[in-house]
2 protein chains.
Amino acid sequence: MPDVPLQPPAKHAIDDGMNVHSASPSTTPTVRERVIAAAIELFARDGYFQTSLPDIQQQAGVSIGAIYRNFASKDELAATVYDLVLDAIGELFRVNLDGRDDFLERFRGLLSDLFRLTEERPELIEYALYVKHREISQEIGPVCSSEPFVYLQARVADAMRRKQLRSGDVVVTTATLMGPPLRLIQLSLDGLLRPPLAGTVDTLIDNARRALAP
Amino acid sequence: MPDVPLQPPAKHAIDDGMNVHSASPSTTPTVRERVIAAAIELFARDGYFQTSLPDIQQQAGVSIGAIYRNFASKDELAATVYDLVLDAIGELFRVNLDGRDDFLERFRGLLSDLFRLTEERPELIEYALYVKHREISQEIGPVCSSEPFVYLQARVADAMRRKQLRSGDVVVTTATLMGPPLRLIQLSLDGLLRPPLAGTVDTLIDNARRALAP
DNA sequence: GTCTATACTCAGATAGAC
DNA sequence: GTCTATCTGAGTATAGAC
């Protein structure tokens, strides 16, 4: 995956959100874009500390000097990538969860998108969810407190107010919603899940509804 | 995986279970034991790659030479620690899930123990669940395929046969059971969960029962 | 067996040619 | 702006005294 735009798969906005190409729609990717794409892939596959700048240099097909012209340090590169990926995920959350109709139906849409993204761009999800960003930089807070998850909690609280979800502790309810799909994503990334993730959405939503509907 | 056992003394194997001090109940810990204890703490807190042998040396109060007399390499130390920790967790699973009475009541016991362990020995849980062991050594498989989780899936399948759980995909059902508590553990380790984990057990089991009971 | 001092490797980062 | 060559420091691992 050299030049890695997030091609517009559908109505959803992953594309722009994650479009690593700043403003060049289908031109040859810039050095910066190539470096970012390589970093996502290698950081997710081998981990941050086991990915050296020479590795990135080779994968991106640029020189060390060019990398340092675009990023002050390896850390800053990682932070940039983190922000980009989290923005993309955040967009997915917002596109799906906005609205007032039945919360669990909106949530179903989110799961479908997350699962699709896991299968199309596993390195992206791997990077967002399972790279230990705190090890890289203490500046970065834990994923759980990142914008998408905070947003999700707000929507859960809102759904409770609207009696679309049983009242209860927001944190526990959110964990009950996201825990199972995240676990399946992890299994899928580890290659331990045979069938496609998409096939589990109905069951997950059914379970969530029994557990959490008022 | 030589000495440093975690004997299962009482019915709950934790306290002494993870007693790094091997067969010597209250003797001065050996070098090996001190190194292992330091490694668990530092690997979990700072990550494997950001923990140097001088760090471990200092924390354990031993010399580099002594470390290398007990472990062939930093990798081997990590692998040893991993096995020990996973054995302890596995014991927790077995102690709680053995038996034939209502599965979800047995599962409740497991959650209580896991949560207690998370609060008493967070570095242990952190190390078992969230250190990316595959980055350290490709020899080590993903946590999800580790002995405790495989065992859990077997018990879930068994509970389905006994009509204690609704029939369905074993992997999805297991994810539905473990996903929420694991997520709460993650939040707790990140310091984002105010109340004690133990207080969530009842809700988690209630949710699981509604979702998964026949 | 445990220690200290040291060798070796390779990472991240920089300088200066083009 | 991009490259190659090089510096510097950290970290793993070893050698050899005690």
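Bear in mind the structure is a predicted one, so any value in this text is a computation, not a measurement. Chain identifiers are assigned alphabetically (A, B, ...) following the order of the sequence lines, protein sequences preceding nucleic acid strands; residue numbering begins at 1 within each chain.
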Report yes if the distance between the aromatic ring centroids of B:Tyr151 and B:Phe93 is under 6.0 Å, otherwise no.
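No, the ring of B:Tyr151 stays outside the 6.0 Å limit from the ring of B:Phe93, centre to centre.
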
Hey, can you pull the residues of residues 61-72 of chain B with a non-hydrogen atom under 4.0 angstrom from DNA chain D?
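Hits under 4.0 Å, by residue number: B:Ile64, B:Tyr68.
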
Name every residue in residues 46-56 of chain B that has at least one heavy atom under 4.0 Å from any atom of DNA chain D, in order of residue number, or write none if there are no such residues.
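Residues of residues 46-56 of chain B under 4.0 Å from DNA chain D: B:Thr51, B:Ser52, B:Leu53, B:Pro54.
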
[X] and [Y] ion-paired at < 4.0 Å:
X        : Y        : value
B:Glu123 : B:Arg121 : yes
A:Arg134 : B:Asp190 : yes
B:Arg108 : B:Glu105 : yes
B:Glu126 : A:Lys132 : yes

Just how far, in rounded Å, is [atom2] of [N] from [atom1] of [X]?
X       : N      : atom1 : atom2 : result
A:Arg34 : D:dG1  : CZ    : P     : 16 Å
B:Gln57 : C:dT2  : CD    : C1'   : 12 Å
A:Lys74 : C:dC10 : NZ    : P     : 15 Å

Within 45° of the six-membered ring axis of B:Phe149 and under 6.0 Å from that ring's centre, is NZ or CZ of A:Arg183 located there?
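Positive - A:Arg183 is close enough to the ring of B:Phe149 and near enough to its axis.
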
Side chain proximity check, B:Arg155 to B:Leu97, heavy atoms < 4.5 angstrom:
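Answer yes - side chains close enough.
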
Go through the side-chain N and O atoms of B:Ser52 and B:Asp55 and say whether any donor and acceptor fall under 3.5 Å apart.
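Yes, because at least one side-chain N or O of B:Ser52 sits under 3.5 Å from a partner of the opposite role on B:Asp55.
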
